[in-house]
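Input: a single structure, listed below in structure tokens.
Start at 1 and go down the list; that is how both ligands and their atoms are numbered.
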Amino acid sequence: MTGFSFTRKPRTAREQALLAASERTMACGIRGPSLRAENQMVVERAQGSHLFDCSGNEYIDYLLGSGPMFIGHAHPAVVAAVARQLEAGSSFLLGNEPAIRLCEAIVAAVPCAEKVTLHNSGSEAAHYAMRLARAYRRRDVILKFEGGYHGMGDDALMSNQWTFRPAEFPVPVPNSAGIPAGVAGQVLVAPFNDLDRTEQIVRRHADALGGIIVEPLCRTTPPVPGFLPGLQALARELDIPLIFDEVVTGFRLAFGGAQVRYGVVPDLCALGKAISAGHPLGVVAGRADIMDLAGAATAMTPRHVRLTGTYSGNPVSAAAALAVIEELKTPGIYEAVEARGRRLQMALARSLEQAGIAAQVVGEATAFQPWFTAEAVRDHRSTLRADWGRGLRFGDLLLDRGIIKGHEKFFLSTAHTDDDIDYTIDAFEQVAGQL
Ligand code: PMP
């Protein structure tokens, strides 16, 4: 028996009117976790691990705004820190204590971080990390991995997880209209978890390569033993900066990120949503000799790398991130969230197996997803024959029971309770039988 229950209340006139207005005016529409019209919602508020729509429905939230709410929605320490900062001003483009303290906290916690720059989104952080690498190497080409996501920059939108018709490696495939054709000439693509193929591509193109960018946990596919250390050794031998995109994993997989969890230190990393509790933040951190290209020493020289924007180092996002990092120092907090996540992940795999459904539950305890395929998942291509329709139906059936997940992942937060997990495990058993 769990405390949570769900019976969907009819949509109020207010929510109906808001949804109708969104269709008339919002170019991208509302991005709900479901494609079904009856599942669209307008959020009223969220607290901890639960989210409430404008019709008074309460949901258990494993979408978490696509990951940033790692310590839960509206965490009191974050609310207090942000409120304090709002009273003191929101943006200066000048030095401020929260931004300075945040950079100090990142240098203290993240192994690769000798110097830090602050920005507004993960997309920006990944884009700027690539620019720094290119400037350091004085070369233009970036190697990325098929299926890896690095945000909305033109280089990043190549051969990511929305690549349904991949090309022969290392040729990239654009994931959006509007990307200049020339971008394809400055990106190479390698298979994640295949060190031999990657090494062949890197050695063949070493002279053109400005950097290598990788999600250490590629979407939800963990690195096989040896892959990240091998990549690091190769990059080091050829003096090509290795960038970890830790926008999802930074401070989620461990205090200090995937580089702590997997024990491999890159040259640069991009951090973002997992540390600022929903406040716009992107962070580039890394080796001082590379990061210093953005500093005063190169100013007014052709070597200088420009990275600043109006909101860079804004104190509100920095105050939020400092509060999150402080909370994540709580003894036992990672052990507790990982134990709950692992219980959920294992229960999902068990429910699907008992129902005779071909599926792989892939990922880490706080970020995982089911792939509806009989094939073992080790890279993007092994997911291409997965049954997407079944994946969407799975999400819809959970939503009918008051459980929200993203199109892809389940994200766990430190605010999820045993009751949330027990209710969700019961729902898995019911839903698996209906798939
Ligand atoms: N890199 C990774 C690994 C991400 O998951 C994301 C966001 N999903 C980004 C970059 C882009 O971050 P943002 O949406 O904040 O621009």
Side-chain angles (χ1 to χ4, degrees), residues 28 31 33 62-70 110 112 117-133 142-163 175-176 179 187 189 192 211-223 228 242-254 257-259 261-262 266 268-286 307 309 311-312 314 316-318 320-321 324 362-364 366-369 379-380 405-413:
C28 301
R31 288 177 194 283
Y62 297 102
L63 173 60
L64 296 178
S66 189
M69 312 314 299
F70 184 41
V110 177
C112 81
T117 55
L118 300 180
H119 313 284
N120 311 294
S121 68
S123 297
E124 268 184 66
H127 186 66
Y128 290 155
M130 288 189 264
R131 180 176 297 160
L132 280 160
I142 294 290
L143 182 105
K144 75 179 290 292
F145 290 88
E146 192 172 78
Y149 182 71
H150 305 293
M152 285 286 156
D154 287 345
D155 295 303
L157 275 175
M158 287 284 177
S159 296
N160 69 15
Q161 73 270 36
W162 303 311
T163 306
N175 301 119
S176 171
I179 294 178
V187 177
V189 179
F192 185 72
I212 299 173
I213 189 165
V214 63
E215 280 191 88
L217 172 72
C218 192
R219 302 288 73 204
T220 48
T221 304
L228 293 177
L242 175 64
I243 305 163
F244 275 9
D245 182 338
E246 294 233 38
V247 170
V248 167
T249 55
F251 287 84
R252 173 174 276 282
L253 292 201
Q259 48 197 286
R261 171 63 156 261
Y262 299 136
L268 296 171
C269 75
L271 301 162
K273 56 183 163 187
I275 52 170
S276 53
H279 300 80
L281 182 70
V283 177
V284 184
L307 305 177
Y311 304 116
S312 300
N314 95 76
V316 179
S317 294
V324 172
V362 175
E364 296 282 0
T366 63
F368 61 86
Q369 78 183 98
D379 58 15
H380 177 70
K405 66 179 274 292
H407 285 302
E408 302 162 354
K409 302 184 193 68
F410 284 86
F411 278 120
L412 264 286
S413 78

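Distance alone, capped at 3.5 Å, is enough to place a donor-acceptor pair between the Ser317 side chain and the Pro280 backbone. Judged purely by atom type and a 3.5 angstrom limit, His150 has no side-chain atom pairing as donor or acceptor with the backbone of Leu157.
Classification of Arg252 and Glu246 as a salt-bridged pair fails, no side-chain N sitting under 4.0 Å from a carboxylate O.
Using a 3.5 Å distance cut-off with no hydrogens or angles, the side chains of His119 and Ser121 do not pair a donor with an acceptor. Counting only N and O atoms by type, the side chains of Thr220 and Gln369 include a donor and acceptor under 3.5 Å apart.
Atom-to-atom distance recorded for Tyr311:OH and Leu118:CG is 16.0 Å, nearest 0.5 angstrom.
Residue-level contacts of ligand 1 at the 4.0 Å heavy-atom threshold are Ser121, Gly122, Ser123, Tyr149, His150, Gly151, Glu215, Arg219, Asp245, Val247, Val248, Lys273.
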